[in-house]
Amino acid sequence: MLVLVCYDVSTVTAEGRRRLRRVADLCENHGVRVQFSLFECPIDQMTWLRLRHDLLQTMESDEDSLRFYFIDEDAKQKTEHHGVRKPLDLRGPLVF
């Protein structure tokens with residue numbers, strides 16, 4: 001499945017900035033950053049449950065927000081992109 005993970009983490013305090021880095025690190029371990037706070041994560045169900053758990057444990061619900069969008073293949077094909085940061089084809093091999 002493909003999950004879009006969006007977050008808004010308060011960075012007013014040093015702890016908030018550390019939470020922001022931890023949330024980004026968790027997402028980077030499972031997906032590709034497509035916007036500053038938006039990741040596309042091609043992920044299986046078990047890995048998703050673990051990532052979701054870790055993200056929810058990291059955030060502060062009274063300061064931060066997370067959104068998860070579950071995208072099916074048809075919806076992915078209808079996605080348009082314009083401008084910089086061209087999207088990667090997550091279905092193929094990723095070469096860095």
Side-chain angles (χ1 to χ4, degrees):
M1 78 176 134
L2 177 64
V3 180
L4 295 182
V5 177
C6 311
Y7 55 84
D8 186 10
V9 176
S10 175
T11 58
V12 174
T13 65
E15 177 55 31
R17 291 186 287 278
R18 283 190 289 273
R19 280 196 320 275
L20 175 64
R21 185 70 252 158
R22 285 194 304 268
V23 167
D25 287 346
L26 286 166
C27 293
E28 286 173 346
N29 289 338
H30 298 285
V32 174
R33 185 188 298 264
V34 292
Q35 297 284 319
F36 287 116
S37 298
L38 175 66
F39 283 80
E40 290 182 352
C41 300
I43 198 165
D44 62 65
Q45 183 69 25
M46 289 303 295
T47 307
W48 164 244
L49 292 174
R50 188 173 41 244
L51 174 59
R52 179 181 180 274
H53 173 268
D54 292 346
L55 288 169
L56 293 175
Q57 290 297 310
T58 301
M59 74 174 287
E60 286 291 333
S61 60
D62 56 341
E63 297 180 45
D64 310 328
S65 67
L66 286 167
R67 282 185 184 237
F68 308 127
Y69 296 92
F70 302 90
I71 306 297
D72 62 31
E73 194 60 34
D74 289 341
K76 175 70 177 162
Q77 297 303 319
K78 297 175 186 173
T79 302
E80 286 188 31
H81 173 85
H82 304 274
V84 297
R85 290 183 171 216
K86 300 290 184 197
L88 299 172
D89 180 4
L90 299 176
R91 294 169 293 172
L94 296 177
V95 179
F96 296 97

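Between R33 and Q35 the shortest heavy-atom distance is CG-O, 2.8 Å.
Taking CD1 from I71 and SG from C41, the interatomic distance works out to 11.5 Å, rounded to the nearest 0.5 Å. Residue S10 holds its OG atom at 9.0 Å from CZ of R17, rounded to the nearest 0.5 Å. To the nearest 0.5 Å, the span separating CZ on R67 from CG on L4 amounts to 12.0 Å. Annotation: the span from D64 atom CG to L56 atom CG amounts to 11.0 Å, rounded to 0.5 Å. To the nearest 0.5 angstrom, L38 atom CG is 12.5 Å from D8 atom CG. With values rounded to the nearest 0.5 angstrom, D44 atom CG is found 9.5 Å from H30 atom NE2.
V5 is listed as a side-chain neighbour of W48, based on a closest heavy-atom distance under 4.5 Å. L55 is not listed as a side-chain neighbour of R52, based on a closest heavy-atom distance of 4.5 Å or more. Here the side chains of M59 and Y7 are not in contact, with every heavy-atom distance at 4.5 Å or above. Inter-residue side-chain proximity for E60 and E15 is flagged as unmet; no heavy-atom pair is nearer than 4.5 Å.
Across V9, L20, L26, a single residue satisfies side chain to side chain contact (heavy atoms under 4.5 Å, CB included) together with T58, and that is L26.
In this structure, I43 is a member of the same hydrophobic cluster as L49, with clusters built from ILVMFWY side-chain heavy atoms closer than 4.5 Å. Cluster membership for L2 and F68, using ILVMFWY side-chain heavy atoms within less than 4.5 angstrom, is not shared. Linking ILVMFWY residues whenever their side-chain heavy atoms come closer than 4.5 Å, directly or via other members, places L51 and M1 in the same cluster.
In this structure a side-chain-to-backbone donor-acceptor pair under 3.5 Å is missing from R18 to R21.
Heavy-atom contacts from other residues, nucleotides or ligands closer than 6.0 Å to CZ of F70 number more than 12.
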